[in-house]
Number of protein chains: 2
Amino acid sequence: MQPFRILIVDDHAHAREGIREILEEFEDFLIIGEAKNGKEAIQLTEQLLPDIILMDIQMPEMDGLEATKRIKLQFPAVKIVMITVSDDITDLFDALKKGAQGYLLKNIQSDQWVEHLRAFALDEVPMSKEIAFQILKEFPQKKALSKENIPLSTRELELLQLVAKGLSNKEISKALFISENTVKSHLKNILSKLHLDNRVQLTSYAFQQGLVD
Amino acid sequence: MQPFRILIVDDHAHAREGIREILEEFEDFLIIGEAKNGKEAIQLTEQLLPDIILMDIQMPEMDGLEATKRIKLQFPAVKIVMITVSDDITDLFDALKKGAQGYLLKNIQSDQWVEHLRAFALDEVPMSKEIAFQILKEFPQKKALSKENIPLSTRELELLQLVAKGLSNKEISKALFISENTVKSHLKNILSKLHLDNRVQLTSYAFQQGLVD
DNA sequence: TAAATAATACCCCGAAAGAGTGATTTTTTT
DNA sequence: AAAAAAATCACTCTTTCGGGGTATTATTTA
């Protein structure tokens, strides 16, 4: 049996990696490409003609909804599953209106996530609003996409404060009396845990989550 | 006549530069050093024994109030003038309590700024709460320290949005269909206008000012 | 019309950031 | 006591940032 050919579309490299890690454990899923915005998604879809596109909604340049609309116009056979951490269900209806077949939340546990995706791929389950609602109901808390929801340690939160103030790694190292290498280590762990790519995204995240000021 | 020997203490390089630019035009002021936090301020005070310290209040590592307290304990003769963009006068009282002789706002025009500083240096004016209030009254709007208050252009605001999302210069250039050099040019102008040092500080600024999300 | 501002672009350069790997020590949990 | 997690540090390598310039072309304002 042929594996399902998957295209991952997400602006966060770590998020893409998280999805890849999970799906690569299963033989019936094959990741054939990654895109980090709507434009790239359209390009790669033309080139690779995937069976399924896992598409993030929030993206720079061209968001997932717009990309979904355009892709479905050109390639109606491609199945598109929106992925998002949002628990705002208005996004869901927008996505379905634009032609997305499915809707998966990043916050559900990875094994269930894959199960749903497979069922969807096999057309066993017409991924409906009802199912999406059910998922929402079962997993109200936000959980990270990967293995488990790894919270930041106190030390990491301490570091985060200084990063968001715009201090350099060297300045942070002096402020906390540790080496610059250690600062870099911590920062790498933080970015990895939160599936972010750089300190600016971390700063935005911190403000949006109310972790600073 | 000997010039007044000045130590500038501010965590923003651009702010320090702004002060330096203004004061260097006058022969009776000599900038003998710059510090970017309270700790450095104490160190440099011990080494250089300035006549006057221009001290920012908000700083990482050790803020201006704490530094003022410690410096006045060790060197009561040093005159300390707090500088701030804050129009919150509670800071003012705190500063005076901690031993600061004066209080200047970054937002007043540079010529008046220098006049006040010189008068203060010559002990002609015992910089009092009343005078500070008067300054506050005359200049209620926030204005930048340098020549004038330069607002961001629409294009610059557009760029700011993408910076705060954590996009790299290259990614921004692709998103806006301009060269990476142009992105860098814009960013340099933005940081210079706002007296900030890097894109993380710009991101924090944007959130605090409600320019994003 | 002349002057100022905005938007575009290029160069050089050193510093900083971030990815990859690996490792040790302390603390906490099981 | 053993295992897991947290905190520390090092070393290399490549890319990105940010400061220093300078310059051209529109557009807007005086």
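Residue numbers start from 1 in every chain, and the chains themselves are labelled A, B, ... in the order their sequence lines are given, proteins ahead of strands. Bear in mind the structure is a predicted one, so any value in this text is a computation, not a measurement.
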Would you please say whether a donor-acceptor pair under 3.5 Å links the side chains of B:Thr182 and B:Ser179?
-> yes

To the nearest angstrom, the CG-C1' distance between B:Asp197 and D:dT16 comes to 17 Å

query = Closer than 4.0 Å, any side-chain N/O of B:Thr154 to the OP1 or OP2 of C:dA7?
reply = yes

CD1 (B:Ile80) and CG (B:Leu7) are apart, to the nearest 0.5 Å, by 9.5 Å

According to a strict under-4.0 Å criterion, is A:Arg155 in side-chain N/O contact with OP1 or OP2 of D:dT8? yes

Checking D:dG18, D:dA6, C:dG18 against the side chain of A:Lys193 (C-beta onward), the nearest is D:dA6

| Geometric class of the A:Phe207/B:Phe207 ring pair [parallel <30°, tilted 30-60°, perpendicular >60°] | parallel

Closest to the side chain of B:His186, out of C:dT8, D:dA7, D:dC17, is C:dT8

Item to complete: Look at all strands and tell whether B:Asn189 reaches a base, only sugar-phosphate, or nothing, counting heavy atoms closer than 4.0 Å.
Response: nothing

Regarding the side chain of A:Ser185, the nearest nucleotide among D:dC9, C:dA17, D:dA7 is D:dC9

Of the candidates D:dT8, C:dA19, D:dC17, the side chain of A:Ile178 sits closest to D:dT8

Atom CG of A:Leu167 and atom P of D:dG18 are separated, to the nearest Å, by 14 Å

Ranking D:dG19, D:dA10, D:dA7 by distance to the side chain of A:Lys188, first place goes to D:dA10

Heavy atoms under 4.0 Å, any strand shown: does A:Leu191 hit a base, just sugar-phosphate, or nothing? nothing

Problem - Cationic N near anionic O, under 4.0 Å, A:Glu171 to A:Lys174 - result: no

Quiz item: Checking side-chain hydrogen bond (donor to acceptor under 3.5 Å, both in side chains) for the pair A:Arg199/B:Asn198: CA distance, chi angles, key distance, verdict?
Solution: CA-CA 11 Å; A:Arg199 61 210 294 125; B:Asn198 57 55; over 6 Å; no

Report yes if at least one side-chain N or O of A:Asn169 is closer than 4.0 Å to OP1 or OP2 of C:dA17; otherwise report no.
yes

| message | Considering every strand and a 4.0 Å limit on heavy-atom distances, what is the contact class for A:Lys184: base, sugar-phosphate, or nothing? | response | base

Out of C:dA16, C:dA6, D:dT16, minimum distance to the side chain of A:Lys170 belongs to C:dA16

Of the candidates D:dC17, D:dA7, D:dC9, the side chain of A:Asn181 sits closest to D:dC9

Looking only at C:dT8, D:dT8, D:dG20, the nucleotide nearest the A:Thr182 side chain is D:dT8

